[in-house]
Amino acid sequence: MTYLITGGAGFIGSALAHELVARGERVRVLDNLATGNKKNLADIVGRVEFVAADICDLPAVERAMQGVDYVLHQAALPSVPRSVQDPLSSHRANADGTINVLWAAKQAGVKRLVYAGSSSAYGDTPTLPKVESMIPNPLSPYAVNKLLGEYYNKVFHRCYGLETVSLRYFNIFGPRQDPTSPYSGVLSLFITKLLNKQTPTIYGDGEQSRDFNFVANAVQANLLACIAPNAPGNVYNVGTGSRYTLNQTLAMLAKIIGVEPRAEYTALRAGDIRDSQADITAARRDLGYDPKVTFEEGLRQTVDWYRTSGAAAA
Ligand code: UD1
């Protein structure tokens with residue numbers, strides 16, 4: 001089978017590329033290298049076809065779609081605060097880019113498209129865990145444009161019969177997550193700071209919680225979503241079902257790394273939500289999803305990777 005991974009040079013996209021190559025599948029990556037990096041594909045170079053293009057460039061996306069069976073649409077400008085700073089760029093990449101990918105996939109007659117949605121769709125509703133049937137309450141431009149992508153998925157399934165599945169990622173972390181941007185995921189920042197004997201920053205009191213999910217679990221969800229018979233047209237939470245506060249997480253990491261769990265506490269971030277935790281009943285039932293890597297094991301593997309890859313170098 002031939003897979004097109006948009007954003008395949010990014011953190012989650014490159015993890016998908018590694019797994020598909022290991023399974024002997026044909027992989028084409030489309031990436032504009034805005035937040036992705038070719039380094040993420042260095043150990044499978046020559047085994048993936050790389051297309052340097054932007055998902056906003058429809059003709060380029062149409063060309064990349066030729067001969068493709070499955071699309072794993074990961075390309076996006078991530079980060080809630082980035083979208084608050086620059087909502088137009090966030091909308092262009094995440095909303096306009098997504099409709100281009102859907103349109104090209106429909107025209108090319110691909111078998112199925114799996115979309116990287118976001119748990120930010122739930123917003124700050126007090127009910128935990130979050131179930132897919134809840135009414136969305138997006139609180140940032142990022143949450144709005146990621147949710148729009150889900151709606152387009154559903155509509156492309158209804159109107160054109162394109163098989164689409166949306167996965168709502170809950171704070172994915174792991175090897176190859178880029179720690180160098182102020183918009184980087186919190187765990188990549190905590191780990192690299194602690195490894196470099198620097199003090200991580202916590203926005204707020206650190207009692208906000210997240211359902212942190214190791215990247216291998218998200219990869220599993222994507223590949224199952226390509227083939228699950230009842231999945232098209234639906235949205236699924238891709239978390240673990242548990243949650244940890246930032247303070248707890250910092251303490252766990254400090255223990256793994258062997259340093260003091262110190263942090264600098266500062267003002268809350270605009271657009272942030274308090275708590276997040278997935279109900280994964282639907283993904284278990286329809287996809288056969290089973291997040292095998294626990295939070296603690298994922299943290300260990302991630303720390304090992306930053307240590308040995310040199311990615312934590314200050
Ligand atoms: C959000 C989405 C997630 C999406 C991600 C994309 C929610 C619940 N989740 O993650 O689905 O994939 O955006 O970027 O909305 N923080 C610190 N110190 C730091 C960095 C962050 O304390 O140095 C805090 C943040 O204020 C936040 C938490 O850590 O409370 C997590 O932040 P981050 O890793 O950016 O992810 P979310 O915004 O939760």
Side-chain angles (χ1 to χ4, degrees), residues 5-14 29-37 40 52-58 60-61 71-105 113-125 130 136-156 164 166-173 176-189 203 208 210 213 215 218 235 237-238 267-274 276:
I5 310 175
T6 69
F11 156 51
I12 302 173
S14 63
V29 161
L30 183 139
D31 203 303
N32 67 351
L33 302 177
T35 60
N37 196 312
N40 291 333
D54 194 306
I55 49 171
C56 290
D57 177 353
L58 181 59
V61 178
V71 181
L72 302 174
H73 176 34
Q74 311 297 308
L77 263 188
S79 170
V80 167
R82 186 207 310 265
S83 77
V84 173
Q85 249 355 92
D86 183 4
L88 299 187
S89 300
S90 173
H91 184 91
R92 265 193 298 274
N94 301 344
D96 297 347
T98 292
I99 196 169
N100 278 346
V101 174
L102 280 163
W103 182 249
L113 178 146
V114 180
Y115 167 73
S118 169
S119 61
S120 57
Y122 292 109
D124 232 353
T125 46
K130 308 295 186 194
N137 182 28
L139 296 178
S140 64
Y142 175 79
V144 170
N145 51 57
K146 276 284 162 184
L147 181 60
L148 192 61
E150 288 185 9
Y151 290 144
Y152 273 131
N153 274 337
K154 258 192 204 308
V155 164
F156 269 67
T164 57
S166 295
L167 302 179
R168 280 186 185 163
Y169 292 160
F170 281 69
N171 295 78
I172 314 297
F173 72 99
R176 292 190 288 270
Q177 190 168 27
D178 174 19
T180 61
S181 151
Y183 300 128
S184 295
V186 64
L187 295 189
S188 71
L189 293 169
Y203 301 116
Q208 66 265 54
R210 293 292 183 271
N213 194 7
V215 65
V235 173
N237 287 341
V238 175
L268 266 180
R269 238 169 42 173
D272 240 20
I273 63 144
R274 183 76 179 169
S276 177

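Just so it is clear, the structure is predicted and the values come from calculations on it, not from any experiment.
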- [ ] Could you walk me through whether I55 and N32 pass the side-chain contact (heavy atoms from CB on, under 4.5 Å) test, one step at a time?
- [x] CA-CA 8 Å; I55 49 171; N32 67 351; over 6 Å; no
Task: Mutual orientation of the aromatic rings belonging to F170 and Y122 [parallel < 30°, tilted 30-60°, perpendicular > 60°] - done: tilted
TODO: Nearest 0.5 Å please: distance from the OG atom of S90 over to the CG atom of L77.
DONE: 6.5 Å
Task: Test salt bridge (charged side-chain N to carboxylate O under 4.0 Å, His left out) applied to R274 - qualifying residues, sequence neighbours left out - done: D205
Open item on the list: Working note: R168 + S119, criterion side-chain hydrogen bond (donor to acceptor under 3.5 Å, both in side chains); need CA distance, chi angles, decisive distance, verdict.
Closed with: CA-CA 5 Å; R168 280 186 185 163; S119 61; over 6 Å; no
Open item on the list: Applying side-chain hydrogen bond (donor to acceptor under 3.5 Å, both in side chains) to K146 and T98, what does each step give before you reach the verdict?
Closed with: CA-CA 9 Å; K146 276 284 162 184; T98 292; 5.7 Å; no
- [ ] Could you grab the distance from atom OG of S120 to atom CG of D272, nearest 0.5 Å is fine?
- [x] 11.0 Å
- [ ] Determine yes or no for a side-chain-to-main-chain donor-acceptor pair under 3.5 angstrom, with N137 supplying the side chain and T125 the backbone.
- [x] no
TODO: Show the numbers, then the answer: is there a side-chain hydrogen bond (donor to acceptor under 3.5 Å, both in side chains) between N153 and S166?
DONE: CA-CA 7 Å; N153 274 337; S166 295; 2.8 Å; yes
- [ ] Verify the neighbour count for atom OH of Y152: are there more than 12 heavy atoms of other residues, nucleotides or ligands below 6.0 Å?
- [x] no
Open item on the list: Quick one, V84 and Y142 - any side-chain contact, counting heavy atoms below 4.5 Å?
Closed with: no
TODO: Go through the steps to decide whether I273 and R210 satisfy the test side-chain contact (heavy atoms from CB on, under 4.5 Å), and finish with yes or no.
DONE: CA-CA 9 Å; I273 63 144; R210 293 292 183 271; 3.8 Å; yes
Task: Test item: H73 and L102 side chains (from C-beta on) under 4.5 Å apart, heavy atoms - done: no
Task: Approximate separation, where rounding is to 0.5 Å, of N145 CG and R92 CZ - done: 11.5 Å
Task: Heavy-atom side-chain proximity of T35 to R82 below 4.5 angstrom - done: yes
Task: Nearest-0.5 Å distance that lies between atom CG in N100 and atom CG in L58 - done: 4.5 Å
